[in-house]
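A short worksheet on the structure shown next.
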Amino acid sequence: MSALTSINTPALHGRRSAAKPVQPAKPMQPAESGAPTTTAVKQSAAVLRPTAANPPAAVVVSTEAAPGAFRRIAGKTFKVVGAGMLVLAALVFVFLAIGPRILGYQTSTMLTGSMAPLINPGDVVVTVPTPVKDIKVGDIITYHIPVEDQRVETHRITEITTTADGGVAVQTKGDANNGIDPWIATLQGQTVDKQVATIPYVGNAIRALREPIVLNILMYGAPAVLVIGMLASIWTKDSAKASSGESAAAQAASGE
């Protein structure tokens, strides 16, 4: 019995000493007050991140500024269009009414293609009075033909002859025609209209501008467009002042 006791006792004692008590896990110490935790950083980022309920300030400002910008653009557009119409009407009036009286030139619109490709239908032919004695073969003149309805024709001189009474007669031809004109025209007076310039396509525009409806649009439409532009400009200024006043009031309220 004593032998068993002497053997078992150290063994039991050894097992008790080997099994150390398990220490409970220490709770995590909270971080110092000055160092934000990961959770706090995530929450802050979530607060700062723009959402549909909290849109960025830039979006709100641009949305409110859009109507004012549209009004400014519309006002400027009306002004430019109205000014352009007035300038066009003034240029046409000067070119057709004042220019020939002051500078002495004449204008006519080519109706046929007999002088193509130099002068095409719809082009404006600008002529100046030239002494008959100074014209020569190859010149383009505008004159009344001596047959039919004595319409005005613009053709090139192919031959010059002197009449029995000392006058000057010309044979003409259209550049695009196959043969010469079937008449000889005696030039009346001391001068003849000689072509000095051609303005492409302007003849069609001039004929359109001479239409009563177009003249009425230029006469009444241009001032109306200018008035609308001025009203739009005034409206834009008033809206801008009102918006600035509301913004100032909102800033003052937020400051309180």
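Basis for what follows: all heavy atoms, side chains included, without hydrogens, waters or symmetry-related copies. Just so you know, these numbers come straight off a predicted model, no measurement behind them.
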Working to the nearest 0.5 angstrom, can you tell me the gap between [X] [atom1] and [Y] [atom2]?
X: L118; Y: M110; atom1: CG; atom2: CE; result: 9.0 Å
X: E153; Y: S114; atom1: CD; atom2: OG; result: 5.0 Å
X: H155; Y: I180; atom1: NE2; atom2: CD1; result: 12.0 Å
X: N120; Y: T112; atom1: CG; atom2: OG1; result: 10.0 Å
X: I160; Y: Q171; atom1: CD1; atom2: CD; result: 11.5 Å
X: K133; Y: L187; atom1: NZ; atom2: CG; result: 14.0 Å

So, T172 versus Y143: side-chain donor-acceptor pair below 3.5 Å or not?
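Y143 and T172 do have a side-chain donor-acceptor pair below 3.5 Å.
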Between T154 and T142, is there a side-chain donor-acceptor contact under 3.5 Å, judged purely by atom types and distance?
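Yes, a side-chain donor-acceptor pair sits under 3.5 Å.
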May I ask you to decide if [Y]'s main-chain N or O and [X]'s side chain share a donor-acceptor pair within less than 3.5 Å?
X: T163; Y: T161; result: no
X: D181; Y: W183; result: no
X: D123; Y: Y201; result: yes

side-chain contact (heavy atoms from CB on, under 4.5 Å) between I135 and V170, worked out:
CA-CA 10 Å; I135 63 172; V170 295; 4.2 Å; yes
Establish whether [X] and [Y] are linked, either directly or via other cluster members, by ILVMFWY side-chain heavy-atom contacts under 4.5 Å.
X: V196; Y: V137; value: no
X: I141; Y: V125; value: no
X: V80; Y: L91; value: no
X: V87; Y: I98; value: no
X: V94; Y: L103; value: yes

With a 4.5 Å heavy-atom cut-off, do [X] and [Y] have their side chains touching?
X: I145; Y: R151; value: yes
X: Q195; Y: V126; value: no
X: P121; Y: L111; value: no

Which atoms form the tightest heavy-atom contact between G203 and V124, and what is the distance?
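Closest approach of G203 to V124: N-CG2, 3.2 Å.
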Quick test of your reading of the model: are D139 and R156 salt-bridged, counting only N-O distances below 4.0 Å?
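Answer for the salt bridge query: no.
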Begin from the C-alpha positions of V202 and N204 and carry the test side-chain contact (heavy atoms from CB on, under 4.5 Å) through to its verdict.
CA-CA 5 Å; V202 176; N204 293 331; over 6 Å; no
Start with the C-alpha distance between K194 and T127, add both sets of side-chain angles, then the distance that settles side-chain contact (heavy atoms from CB on, under 4.5 Å), and finish with yes or no.
CA-CA 5 Å; K194 177 183 175 181; T127 60; 5.8 Å; no
Is it the case that atom CG in D165 sees more than 12 heavy atoms from other parts of the structure closer than 6.0 Å?
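Count over threshold, so yes.
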Is R101 atom CZ crowded by more than 12 heavy atoms from other residues, nucleotides or ligands, each under 6.0 Å away?
no
Kindly indicate, with the supporting measurements, whether the criterion side-chain contact (heavy atoms from CB on, under 4.5 Å) is fulfilled by V168 and T186.
CA-CA 6 Å; V168 176; T186 300; over 6 Å; no
